[in-house]
Amino acid sequence: MVKPAKNAISPTRDEDYPMWYQEVVKASEMAEKSPVRGCMVIKPWGYALWENIVATMDGMFKDTGVKNAYFPLFIPLSYLEKEAEHVEGFAKECAVVTHHRLETGDDGKLVPAGKLTEPLIVRPTSETIIGESMSRWTSSYRDLPILLNQWANVVRWEMRTRIFLRTSEFLWQEGHTAHASEAEARERTMMMLDVYTRFVEEYLAMPVVRGRKTASERFPGAVDTVCIEAMMQDKKALQAGTSHFLGQNFARSSDIRFQNADKKEEFAWTTSWGTSTRMIGGMIMTHADDDGVIMPPRVAPAHVVLLPIFRKEEDQRKVMEYTRSLADALGARTYNGSRIRVEIDDRDTGGARAWDWIKKGIPLRAEIGPRDMEKDCVFLGRRDEAPGKKVSLGREDFISTIDTILDDIQNNLFNRALAFKRANTVEIDDTEAFKTLFTSPDENSIHGGFAMAHWCGSAECEAKIKEDLSVTIRCIPFDSKTEQGSCICCGNASGRRVLFAKAY
RNA sequence: CGGGGCGUAGCGCAGCCUGGUAGCGCGCCUGCUUUGGGAGCAGGAUGUCGGAGGUUCGAAUCCUCUCGCCCCGACCA
């Protein structure tokens with residue numbers, strides 16, 4: 001009757017974490033690999049999640065005065081060349097369009113023809129092409145600030161891809177702003193990091209560390225990069241969003257100038273900031289368990305699935321009627337500002353049906369059978385609890401408290417993740433202990449964590465640690481207290497701890 | 001781009017060493033019986049054995065070349 005396998009996902013996290021992740025994604029039906037190298041197909045269940053993410057973040061951006069626009073997918077090669085560090089950062093991973101036509105060759109195969117005079121690159125990010133527009137739109141300080149965002153796809157030809165975490169093409173938003181003063185641009189950089197923090201913590205239920213990147217980890221061409229870093233269940237760090245203060249670097253290269261109130265000409269101060277479908281990978285690796293994905297209720301494609309159960313033919317109609325009426329009642333309720341999203345699954349597949357929804361990570365499963373109907377109850381299971389744990393709940397109670405239950409799940413997920421992050425964040429002063437933490441006892445075992453350790457500030461020490469242990473400085477946390485210590489690498493004086501971790 | 005592994009049905013795999021009609025499990029389709037946590041029985045469909053060339057009477061199997069994928073590294077706002 002019952003399969004011996006305890007968990008829906010094999011291998012488990014402990015057995016093989018990378019493989020577990022791939023299986024979780026597959027079993028959830030969120031996305032799959034496409035025939036195109038390094039690219040993914042986002043399936044309806046995954047795309048609905050993305051749409052919820054987009055809708056929420058988009059509203060948050062607009063609340064800060066940002067407006068949406070759209071710029072071309074193709075960028076003239078010469079644009080990328082304008083900013084020296086920027087070219088260097090992206091040149092190695094660009095898809096390049098060199099032709100605009102196909103012809104049939106002698107062997108009957110299609111061959112590119114019609115060579116472009118100037119190659120086009122597929123945007124890896126849009127600073128340069130948006131900068132071109134901004135330079136034309138800006139002549140007076142009265143034209144500033146310009147506060148833009150675009151939802152788009154970008155392409156970065158990565159050597160090694162992982163679904164959602166790093167794909168050659170991915171969906172994201174990129175915000176680009178131009179300001180008349182440095183202070184205002186810096187303020188915007190932090191403001192957008194605050195938006196990211198709020199979204200990721202309050203919606204994706206992922207606790208983050210906020211901080212500043214070191215020079216070597218900065219966005220190519222940026223003066224300052226700030227970020228949020230989350231801890232995955234294998235204790236590695238995942239950058240969940242970045243916000244860049246670009247100084248006047250891109251304004252110079254794109255010629256974004258304006259005349260100030262004193263009739264003097266100045267270069268504008270710009271920012272850019274982005275989050276991507278990578279957040280979905282982070283969400284999965286933060287909450288999913290050995291039974292599959294767990295969707296935080298606030299972003300879940302559906303909040304609850306109703307599973308009608310009927311033994312006899314004559315029960316079917318009654319149960320289905322009861323189920324539909326319950327669905328209507330639930331759908332009229334709201335949670336966190338949107339209607340309760342209800343699915344009814346009346347497939348006749350026995351227990352497999354419930355497991356499908358567990359693997360998809362739906363927050364609530366409500367079974368409705370003749371026995372429940374008699375008591376006017378549902379048999380309710382929560383995704384943040386064990387699959388077998390279910391409670392009988394009166395229909396009216398269920399309808400009136402579903403928002404509270406969903407909130408409870410949302411909070412529970414965040415608190416669990418926070419506890420995990422705290423349990424695996426350590427202050428380390430001893431070099432040997434630092435090495436031990438980041439050295440795997442055997443090939444595949446989960447190890448490491450967030451190490452708060454002193455760093456002298458030299459790029460040499462940073463590079464040496466990366467070389468020796470594959471550990472990088474994820475950020476210099478804003479909340480790390482100033483204290484005297486000695487560099488974990490060279491022993492020289494340091495005034496502050498930084499966050500070291502292995503990273504995705 | 002380096003190291004390792006793998007390409008056989010939708011998915012997961014066996015068969016290869018030792019050449020001889022293409023297999024298994026899951027899924028899928030049909031029917032019946034079932035149904036409160038991954039249902040049972042019976043029947044059925046699905047393959048350029050990644051591709052090209054070679055050896056051979058005969059190649060999934062041996063040889064050569066090639067393409068692709070995965071994992072680990074390197075790289076990676």
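Bear in mind that the values here come from a model prediction, so they are computed numbers and not experimental data. A, B, ... follow the sequence lines: proteins, then strands. Residue 1 opens every chain.
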query: Distance between the P atoms of C67(B) and C11(B), in whole angstroms?
result: 23 Å

task: For R347(A) and G36(B), give me the distance from atom CZ to atom C1', rounded to whole Å.
output: 17 Å

task: Could you give the distance separating C41(B) and A59(B) at their P atoms, to the nearest angstrom?
output: 39 Å

field: Nucleotide paired to G68(B) in any strand shown, Watson-Crick or G-U, under 3.5 Å
entry: C6(B)

query: Among C75(B), A39(B), A77(B), which nucleotide sits nearest the side chain of K92(A)?
result: C75(B)

message: Please classify the nucleic acid contact of P220(A) as base, sugar-phosphate, or nothing, using heavy-atom distances under 4.0 Å.
response: sugar-phosphate

field: Who pairs with C41(B) - Watson-Crick or G-U, where each distance is under 3.5 Å
entry: G31(B)

message: Show, in sequence, the C-alpha distance, side-chain angles and deciding distance for E460(A) and K464(A), and conclude whether the salt bridge (charged side-chain N to carboxylate O under 4.0 Å, His left out) test is met.
response: CA-CA 6 Å; E460(A) 287 74 23; K464(A) 186 171 189 307; over 6 Å; no

- prompt: Should E29(A) and K360(A) count as an ion pair when the cut-off is N to O under 4.0 Å?
  reply: yes

- request: Taking atom C1' in both G7(B) and G40(B), compute the distance separating them and give it to the nearest angstrom.
  value: 36 Å

query: Residues two or more places apart in sequence or in another chain: which of them pass side-chain hydrogen bond (donor to acceptor under 3.5 Å, both in side chains) with E132(A)?
result: R136(A)

- prompt: Are the ring of W355(A) and the base ring of G38(B) both nearer than 5.5 Å at their centres and tilted by less than 30°?
  reply: yes

- prompt: Over how many whole Å does the gap from E158(A) atom CD to A77(B) atom P extend?
  reply: 8 Å

field: Any residue meeting side chain to side chain contact (heavy atoms under 4.5 Å, CB included) with D290(A), in chain and number order, not counting sequence neighbours
entry: N7(A), T12(A), R13(A), W20(A)

query: Can you tell me how far P in A52(B) sits from the matching atom in U8(B), rounded to whole Å?
result: 15 Å

- prompt: What distance, rounded to whole Å, do you find between the two C1' atoms, one in C6(B) and one in A45(B)?
  reply: 28 Å

message: From the set A77(B), U35(B), C75(B), return the single nucleotide nearest to any side-chain atom of I309(A).
response: U35(B)

Atom-pair distance (CG on L307(A); C1' on A39(B)), nearest Å: 16 Å

message: Taking only side-chain N and O atoms of Q22(A), does any of them lie within less than 4.0 angstrom of OP1 or OP2 on C71(B)?
response: yes

- prompt: Which nucleotide, in any strand shown, forms a Watson-Crick or G-U wobble pair with C76(B), with both distances under 3.5 Å?
  reply: none

- prompt: Considering Watson-Crick and G-U wobble pairs with both distances under 3.5 Å, what does U21(B) pair with?
  reply: none

Residue whose closest nucleotide on RNA chain B lies nearer the 5' end, K26(A) versus F90(A): K26(A)

Carboxylate-amine/guanidinium contact D224(A) R212(A), below 4.0 Å: yes

If you restrict it to nitrogen or oxygen atoms, what contacts under 3.5 Å exist between nucleotides 27-34 of chain B and the protein, and what is each distance?
{"from": "U34(B)", "atom 1": "O4", "to": "D348(A)", "atom 2": "OD2", "distance (Å)": "3.4"}

- line: Taking every heavy atom of F250(A) against every heavy atom of P220(A), the minimum-distance pair comes out as CZ-O, 3.8 Å

- request: For this output row, return yes or no: ring centroids of H176(A) and F71(A) closer than 6.0 angstrom.
  value: no

- request: Please work out if Y21(A) contacts a base, only the sugar-phosphate, or nothing of the nucleic acid, heavy-atom cut-off 4.0 Å.
  value: nothing

List the atom pairs, donor and acceptor, that lie under 3.5 Å between side-chain atoms in residues 470-477 of chain A and the rest of the protein, sequence neighbours left out.
{"from": "T472(A)", "atom 1": "OG1", "to": "R474(A)", "atom 2": "NH1", "distance (Å)": "2.7"}
{"from": "R474(A)", "atom 1": "NE", "to": "E229(A)", "atom 2": "OE1", "distance (Å)": "3.4"}

- request: Using the P atom as the reference point in each nucleotide, state the distance between U35(B) and A14(B) in Å, no decimals.
  value: 38 Å

message: Does anything in residues 361-386 of chain A come within less than 4.0 Å of RNA chain B? Heavy atoms only, and list the residues if so.
response: R365(A), E367(A), G369(A), P370(A), R371(A), D372(A), F379(A)

message: Once you apply a heavy-atom cut-off of 4.0 Å, does R156(A) come out as touching a base, just sugar-phosphate, or nothing?
response: base

task: Name the nucleic acid region contacted by K33(A), choosing base, sugar-phosphate or nothing; use a 4.0 angstrom heavy-atom cut-off, strictly under.
output: sugar-phosphate

- prompt: Which value, in whole Å, describes the distance between the C1' atoms of nucleotides C29(B) and C71(B)?
  reply: 37 Å

task: Take the protein atom CD of E23(A) and the nucleotide atom P of C71(B), then report the distance between them rounded to whole Å.
output: 11 Å

- prompt: Between K389(A) and G274(A), which is nearer to the 5' end of RNA chain B once each is assigned its nearest nucleotide?
  reply: K389(A)

- prompt: Nearest-Å distance, CD (Q316(A)) to P (G36(B))?
  reply: 15 Å

- prompt: Residues in side chain to side chain contact (heavy atoms under 4.5 Å, CB included) with T167(A), at least two apart?
  reply: M40(A), F170(A)

message: Within the 4.0 Å heavy-atom criterion, would you say W172(A) contacts the bases, only the backbone, or no part of the nucleic acid?
response: base

- line: Taken to the nearest whole Å, CZ/R353(A) to P/A39(B) is 11 Å

- request: Mind calculating the distance between CG (D356(A)) and P (G38(B)) to the nearest angstrom?
  value: 13 Å

- request: May I ask you to evaluate whether S470(A) reaches the phosphate of A74(B), defined as a side-chain N or O under 4.0 Å from OP1 or OP2?
  value: yes

- prompt: Under the side-chain hydrogen bond (donor to acceptor under 3.5 Å, both in side chains) test, which residues partner E83(A), sequence neighbours left out?
  reply: none

task: Scan residues 232-247 of chain A for pairs that pass salt bridge (charged side-chain N to carboxylate O under 4.0 Å, His left out), counting only residues two or more places apart or in two chains.
output: none

field: Partner residues of A215(A) under the side chain to side chain contact (heavy atoms under 4.5 Å, CB included) criterion, sequence neighbours left out
entry: R218(A)

task: Let me know the distance between NZ of K502(A) and C1' of C76(B), rounded to the nearest Å.
output: 17 Å

- request: Report the nucleotide, chosen from C71(B), G38(B), A77(B), that has the shortest atom-to-atom distance to any side-chain atom of P18(A).
  value: C71(B)

G10(B) versus A77(B) - spacing of their C1' atoms, nearest Å: 38 Å

